[in-house]
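These notes concern the structure reproduced below.
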Amino acid sequence: RINGIAVTEKPSWLSTIPVTKFDTKRKDAETNSKKDSSSMPVGGWQSFQEYVYKKLHKEMDTTLSSVVVNGNVEIEFFVNEKGIPYDFKVIKSLDEESDAKAIEILKDGPRWIISKKNKKEKVTIQF
């Protein structure tokens, strides 16, 4: 004991606990506003991903171990006040057929919950 502070060895069991994740909490206003202001398909991203896989005639595999990805199509678009995507622009093309299929998937897909009017949305569809 030195000046009222007791120094002891750490228990041996502490060295056997694996650390799998470090988490920090930030109160960054910009980070919080991005989370709150992001647009998304009705039903959420998991539901949207399942919809896309169904439209592409693929089974949903949550492990992604057996999914063969031939490439990506990145689409930019707007969403109207009714939640319907429009004004599609291919940002990253795979080929004309895949680009058209990606736009069709978005047109026929779920409505969107928008955070801001006139904000461009962006989606990448894996083929």
Side-chain angles (χ1 to χ4, degrees):
R1 213 171 249 260
I2 303 172
N3 294 332
I5 299 173
V7 180
T8 61
E9 265 187 66
K10 69 178 181 177
S12 61
W13 58 268
L14 280 177
S15 62
T16 62
I17 298 174
V19 177
T20 57
K21 179 180 175 185
F22 287 102
D23 196 11
T24 59
K25 291 184 180 181
R26 289 199 285 173
K27 295 190 181 204
D28 183 20
E30 185 178 327
T31 302
N32 290 336
S33 68
K34 284 182 183 177
K35 285 181 186 174
D36 296 337
S37 68
S38 60
S39 300
M40 63 186 286
V42 171
W45 287 107
Q46 179 68 29
S47 177
F48 182 74
Q49 184 179 10
E50 291 169 5
Y51 160 75
V52 170
Y53 272 73
K54 185 176 177 182
K55 290 295 273 188
L56 293 174
H57 307 289
K58 294 181 180 179
E59 287 186 28
M60 182 66 184
D61 181 5
T62 56
T63 64
L64 299 177
S65 60
S66 64
V67 176
V68 177
V69 178
N70 297 321
N72 297 328
V73 175
E74 191 172 313
I75 307 285
E76 195 173 70
F77 58 96
F78 290 94
V79 179
N80 69 18
E81 62 280 345
K82 294 180 181 179
I84 300 170
Y86 70 98
D87 196 18
F88 302 94
K89 181 179 178 184
V90 177
I91 303 299
K92 182 180 177 190
S93 175
L94 184 57
D95 57 53
E96 285 185 30
E97 184 180 335
S98 298
D99 298 350
K101 183 70 174 174
I103 291 171
E104 177 189 324
I105 286 170
L106 288 170
K107 282 182 179 178
D108 296 343
R111 292 179 185 250
W112 284 67
I113 300 167
I114 56 172
S115 58
K116 294 180 184 175
K117 282 187 175 185
N118 300 324
K119 180 183 170 227
K120 287 183 184 178
E121 304 300 333
K122 195 182 292 187
V123 171
T124 300
I125 296 180
Q126 296 180 342
F127 285 84

- State, with a plain yes or no, whether a side-chain heavy atom of Glu50 is found less than 4.5 Å away from one of Lys54. no

- Query: Which distance, rounded to the nearest 0.5 Å, do you find between the CD of Glu76 and the NZ of Lys89?
  - Reply: 6.0 Å

- Query: For the atom pair CD1 (Ile125) and NZ (Lys55), what is the distance rounded to the nearest 0.5 Å?
  - Reply: 11.0 Å

- Query: Is there a side-chain contact between Lys92 and Asn72, using heavy atoms and a 4.5 Å cut-off?
  - Reply: yes

- Message: Among residues at least two apart in sequence or on other chains, which ones pass side chain to side chain donor-acceptor pair (under 3.5 Å) with Thr124?
- Response: none

- Note on the structure: Taking every heavy atom of Ser93 against every heavy atom of Asp95, the minimum-distance pair comes out as OG-N, 3.7 Å

- Non-hydrogen side-chain atoms of Ile91 and Val73 separated by less than 4.5 Å: no

- Message: Could you check whether any side-chain heavy atom of Lys101 comes within less than 4.5 Å of a side-chain heavy atom of Phe127, counting everything from C-beta outward?
- Response: yes

- Item | Side chain to side chain, Val90 and Glu74, heavy atoms closer than 4.5 Å | no

- Query: Any chain of hydrophobic side-chain contacts (each under 4.5 Å) joining Phe78 to Ile113?
  - Reply: no

- Message: Contact between Tyr51 and Ile105 at the side-chain level, heavy atoms closer than 4.5 Å - yes or no?
- Response: yes

- For Met40 and Trp45, work out which heavy atoms get closest and say how close. CB-NE1, 3.7 Å

- Message: Under the rule for side chain to side chain contact (heavy atoms under 4.5 Å, CB included), what residues qualify as partners of Phe77, not counting sequence neighbours?
- Response: Ile75, Val79, Pro85, Phe88, Leu106, Trp112, Glu121, Val123

- Message: Please find the pair of heavy atoms, one from Pro41 and one from Pro110, that lie closest to each other, and give the distance.
- Response: CB-CG, 4.0 Å

- Minimal heavy-atom distance between Arg111 and Lys82, with the atoms involved, is NH1-O, 2.9 Å

